[in-house]
Trainee: 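Before I ask anything, let me first share the structure, which is written out below as structure tokens.
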Amino acid sequence: MAKQPALPTQAEDFSAWYNELVYKADLVDLGPVRGAFVIKPYGYALWENIQRELDAMFKAAGHENLYFPMLIPMSYFQREAQHVEGFSPELAVVTHAGGAELEEPLAIRPTSETIIGELYAKWVQSYRDLPLLYNQWCNVVRWEMRTRPFLRTSEFLWQEGHTAHATEAEARAEVRTMLDVYARLAEEFAAVPVIKGEKTEGERFAGAVETLTIEAMMRDGKALQSGTSHYLGQNFARAFDITFNDVDNQQAFAHTTSWGLSTRMIGAIIMSHGDDQGLILPPKLAPHQVVVVPMGRSNDEEGRTRVRAEVDRLVAALRAAGVRVKVDDRDASPGAKFYEWEQKGVPLRVDLGPKDLDAGTALVKDRLKDEKDTVPLSGLVDHLVAALPDFHARLFERARAFREARTVEAHTWDELVAGVEKGFVIAAHCGDPASEKAIQEATKATVRCIPLEGVSAAGSVCVHTGRPSGYANKVVFARAY
RNA sequence: CGGGGUGUAGCGCAGCCUGGUAGCGCACUUGACUGGGGGUCAAGUGGUCGCAGGUUCAAAUCCUGUCACCCCGACCA
């Protein structure tokens with residue numbers, strides 16, 4: 001096998017690096033329809049692992065899964081003014097079915113607030129029916145102008161949680177709780193450090209009163225919104241008549257929330273950790289945590305047999321220890337396998353051949369290190385089991401340090417302009433949407449969020465208008481995906 | 001929706017200007033040698049040149065139309 005053309009480097013063209021890597025690492029393939037990508041097994045396995053971890057956290061927080069239909073009567077979108085304005089441009093609509101034109105066109109869900117609102121109205125009569133704490137795993141379709149694998153696709157997979165509560169305080173608490181769940185998934189599983197914050201008015205979800213977000217920094221310094229949690233107030237309750245009798249037999253509108261995390265998280269993982277050699281996957285979500293490459297010459301049947309026996313023992317022990325391990329026993333050259341698994345971002349690789357057996361050791365290659373470690377066979381399983389959480393910690397710290405190094409606090413306009421070229425800028429802002437827009441036009445950067453735990457803006461003036469800060473904390477400016 | 005580009009083997013491309021047997025690299029198949037960082041040699045498989053018209057003795061190539069996709073912007077998880 002000859003050398004493949006190298007991946008473009010991140011430094012020369014980050015975008016090309018990403019676009020080529022998702023194909024080379026076998027995560028996706030192009031579908032026949034624009035912007036609709038096939039998620040291949042290696043990419044889908046990542047999603048399955050994300051699903052498994054998130055789903056467990058949802059359930060631990062008291063939620064149940066259910067499923068709503070994908071087709072939504074068009075008229076439902078008209079009921080909430082902000083919502084229809086936000087979503088109608090990107091709706092895909094079914095106008096024909098069963099060989100005839102439909103009386104009312106059906107939208108393919110871009111998100112399910114409307115159809116769920118309609119049904120929640122039916123399910124809620126009394127305060128005793130609340131809260132409703134439901135989630136669904138599904139696909140949605142948004143006809144975006146421009147698409148990129150995982151980051152923005154015509155159809156994507158996600159989960160959408162929809163809850164209804166008797167009080168505002170309870171609903172707002174739910175929104176925070178679920179944001180924390182997303183932050184945990186990002187940091188403790190994906191090793192992606194995130195900033196938790198609130199969206200400004202202009203960046204809010206269509207129809208929401210408050211939108212909370214987790215924002216991560218990609219390796220080109222740009223921000224990626226990786227999960228959102230919305231307090232919808234009583235907007236959708238009013239639009240869909242979700243009312244109930246409270247303890248005092250007074251009729252009241254419910255307070256609803258919605259929160260979603262999509263396959264975009266896979267893009268966040270790729271762009272937070274990947275390097276010029278390819279992917280680097282976080283061990284807790286990686287389809288294969290350890291790949292074993294057996295060595296041995298084809299004419300050395302005895303050596304191969306010994307290696308195979310040792311590999312079988314190793315794999316059994318690792319599986320018993322809960323490690324996801326794959327043996328690459330394909331008939332290909334070892335070098336080709338090394339490059340492939342490195343590009344696919346497998347955290348740890350074990351090379352094992354007759355020479356190693358004679359020495360009683362194995363070679364362990366760590367995706368974050370340049371050199372291989374020689375590890376005694378007797379302690380190999382323990383070494384690998386311990387190396388995985390350590391790998392996670394180093395990966396997270398690497399991403400955190402990268403973000404810190406590219407985050408500056410700006411006190412002047414010039415500092416803001418210079419800062420967003422490299423990464424995040426912390427600065428005070430007056431909160432005027434017109435100023436936000438002007439900043440975007442001048443710098444291509446937007447307010448990513450007002451951090452929940454951030455730098456106090458008390459006494460600070462807006463970096464753009466010089467007016468007093470409109471928020472308690474300084475905001476995060478960045479260019480975004 | 002604006003700007004740019006591309007449709008030729010599974011992938012990446014050349015050929016088109018100047019019409020005349022459809023080519024190269026990788027991948028794939030078979031065999032031998034090889035095997036600790038993208039192996040070598042040899043022999044092979046695979047194409048209605050995006051689609052529809054037109055010009056011509058003859059079209060991947062020229063003309064007209066059309067469709068699709070990709071990339072860069074504005075909009076969005």
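All values derive from a computational prediction rather than experimental measurement. Any value given below was found using the heavy atoms of this structure, including those in side chains, with hydrogens, waters and symmetry copies removed. Below, chains carry the letters A, B, ... as their sequence lines are ordered, and counting in each starts from 1.
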Trainee: Is A/Gln277 near enough to B/G38 that one of its side-chain N or O atoms lies under 4.0 angstrom from OP1 or OP2?
Mentor: no
Trainee: Does any nucleotide pair with B/C24 by Watson-Crick or G-U wobble geometry, both distances under 3.5 Å, and what is it?
Mentor: B/G12
Trainee: Taking any strand in view, what nucleotide pairs with B/G31 in a Watson-Crick or G-U wobble way, both distances under 3.5 Å?
Mentor: B/C41
Trainee: How is A/Phe150 classified with respect to the nucleic acid when contacts are heavy atoms under 4.0 Å: base, sugar-phosphate, or nothing?
Mentor: base
Trainee: Both conditions, 6.0 Å and 45 degrees, for the charged tip of A/Lys344 above the ring of A/Tyr42: are they met here?
Mentor: yes
Trainee: For A/Glu48, which residues count as a side chain to side chain donor-acceptor pair (under 3.5 Å) partner, sequence neighbours excluded?
Mentor: none
Trainee: What does B/A58 pair with, Watson-Crick or G-U, if both distances are under 3.5 Å?
Mentor: none
Trainee: In whole angstrom, what separates A/Asp331's CG from B/U30's P?
Mentor: 10 Å
Trainee: Does A/Ser15 put a side-chain nitrogen or oxygen below 4.0 Å from OP1 or OP2 of B/C72?
Mentor: yes
Trainee: If you take any heavy atom closer than 4.0 Å to RNA chain B, which residues from residues 255-276 of chain A end up in contact?
Mentor: A/Ser262, A/Arg264
Trainee: Flag the pair A/Phe58 / A/Trp259 as yes when their ring centroid distance falls below 6.0 Å, and as no otherwise.
Mentor: yes
Trainee: Base, sugar-phosphate or nothing for A/Gln440? Non-hydrogen atoms, less than 4.0 Å.
Mentor: sugar-phosphate
Trainee: Sticking with atom C1', work out how far B/G25 lies from B/A9, rounded to a whole angstrom.
Mentor: 12 Å
Trainee: What interatomic distance, in whole Å, is found between C1' of B/C11 and the corresponding atom of B/A27?
Mentor: 7 Å
Trainee: Expressed in angstrom and rounded to an integer, what is the separation of A/Arg349 atom CZ from B/G37 atom P?
Mentor: 10 Å
Trainee: Side chain of A/Arg142, heavy atoms from C-beta onward: which of B/G36, B/A77, B/G39 has the nearest atom to it?
Mentor: B/A77
Trainee: Under 4.0 Å, heavy atoms only, any strand: does A/Lys355 hit a base, just the sugar-phosphate, or nothing?
Mentor: base
Trainee: Are side-chain heavy atoms of A/Phe37 and A/Asp29 found at a separation under 4.5 Å?
Mentor: no
Trainee: Treat primed atoms plus P, OP1 and OP2 as sugar-phosphate and everything else as base, then score nucleotides 1-12 of chain B 5' to 3': B for base contact with protein heavy atoms under 4.0 Å, S for sugar-phosphate contact only, - for none.
Mentor: B-----------
Trainee: To the nearest Å, how far apart are A/Phe156 CZ and B/C76 C1'?
Mentor: 9 Å
Trainee: Residues in side chain to side chain donor-acceptor pair (under 3.5 Å) with A/Lys199, at least two apart?
Mentor: A/Glu215, A/Gln225
Trainee: When rounded to the nearest Å, what value does the distance between C1' atoms of B/U8 and B/A14 take?
Mentor: 10 Å
Trainee: Rounding to a whole Å, what distance do you find between A/Tyr23:OH and B/C69:P?
Mentor: 13 Å
Trainee: What contact category does A/Phe205 fall into here, base, sugar-phosphate, or nothing, at under 4.0 angstrom with non-hydrogen atoms?
Mentor: nothing
Trainee: With a 4.0 Å cut-off, would you call A/Arg308 and A/Asp312 a salt bridge?
Mentor: no
Trainee: Which is true for A/Pro110 with a 4.0 Å heavy-atom rule: it touches a base, it touches only sugar-phosphate, or it touches nothing?
Mentor: nothing
Trainee: Taking B/U21 as the reference, what is the distance to B/U61 when you measure between their C1' atoms (whole Å, please)?
Mentor: 15 Å
Trainee: Please state how far atom CD in A/Glu155 lies from atom P in B/A77, giving the value in whole angstrom units.
Mentor: 18 Å
Trainee: So, OP1 or OP2 of B/C70: does either fall under 4.0 Å of a side-chain N or O from A/Asn19?
Mentor: no
Trainee: What integer number of Å spans the P atoms of B/U45 and B/A52?
Mentor: 28 Å
Trainee: Sticking with atom C1', work out how far B/G15 lies from B/A32, rounded to a whole angstrom.
Mentor: 36 Å
Trainee: Between B/G38 and A/Tyr339, is there a base-stacking contact, meaning the centre of the base's six-membered ring lies under 5.5 Å from the residue's ring centre while the planes stay under 30° apart?
Mentor: yes
Trainee: Between A/Asp180 and A/Lys196, does any NZ, NE, NH1 or NH2 come within less than 4.0 Å of an OD or OE carboxylate oxygen?
Mentor: yes
Trainee: Does the B/G37 base have a donor-acceptor partner in the side chain of A/Lys372 within less than 3.5 Å?
Mentor: yes
Trainee: Can we say A/Arg306 and A/Asp358 salt-bridge, meaning some charged N sits less than 4.0 Å from an Asp/Glu carboxylate O?
Mentor: yes
Trainee: Before you tell me yes or no, could you show the steps for A/Gln277 and A/Glu342 under side-chain hydrogen bond (donor to acceptor under 3.5 Å, both in side chains), namely the whole-Å CA-CA distance, both residues' side-chain angles and the distance that decides it to 0.1 Å?
Mentor: CA-CA 7 Å; A/Gln277 276 63 55; A/Glu342 240 153 63; over 6 Å; no
Trainee: Enumerate the ring-ring contact (aromatic ring centres under 6.0 Å, His included) contacts for residues 198-222 of chain A, please, sequence neighbours excluded, ordered by first and then second residue.
Mentor: A/His83-A/Phe205, A/Phe87-A/Phe205, A/Phe205-A/His230
Trainee: Any strand is fair game: report the nucleotide pairing with B/A68 by Watson-Crick or G-U wobble, both distances under 3.5 Å, or none.
Mentor: B/U6
Trainee: Does any donor-acceptor pair link the side chain of A/Arg152 with the base of B/C76 at a separation under 3.5 Å?
Mentor: yes
Trainee: So does A/Glu342 reach the base of B/G37 with its side chain, donor to acceptor, closer than 3.5 Å?
Mentor: yes
Trainee: Which comes earlier along RNA chain B counting from the 5' end, the contact point of A/Gln343 or that of A/Gly296, where each point is its nearest nucleotide?
Mentor: A/Gly296
Trainee: Distance check needed: B/A77 P versus A/Leu224 CG, whole Å only.
Mentor: 11 Å
Trainee: Return the pairing partner of B/G73 with a 3.5 Å limit on both distances, Watson-Crick or G-U wobble; otherwise return none.
Mentor: B/C1
Trainee: Over all strands shown, is A/Arg148 touching base, sugar-phosphate only, or nothing at heavy-atom distances under 4.0 angstrom?
Mentor: nothing
Trainee: Rounded to whole angstrom units, what separation is found between the CE atom of A/Met295 and the C1' atom of B/U34?
Mentor: 15 Å
Trainee: Toward the 5' end of RNA chain B, which comes first, A/Gly35 or A/Asn299, by nearest nucleotide?
Mentor: A/Asn299
Trainee: Name all residues meeting the side chain to side chain donor-acceptor pair (under 3.5 Å) criterion together with A/Tyr18; count only those two or more places apart in sequence or in a different chain, and write none if there are none.
Mentor: none
Trainee: What I want to find out is whether A/Glu210 reaches A/Arg176 closely enough, with some N-O distance under 4.0 Å, to be called a salt bridge.
Mentor: yes
Trainee: For a quick test of reading the model, state the closest non-hydrogen atom pair linking A/Pro149 to A/Val28 and the distance between them.
Mentor: CB-CG2, 4.4 Å
Trainee: What integer number of Å spans the P atoms of B/A22 and B/G12?
Mentor: 24 Å
Trainee: With rounding to whole Å, what would you report as the distance between B/A59 and B/G50 at their C1' atoms?
Mentor: 16 Å
Trainee: Atom CZ of A/Arg479 and atom C1' of B/C76: how far apart are they, to the nearest Å?
Mentor: 19 Å
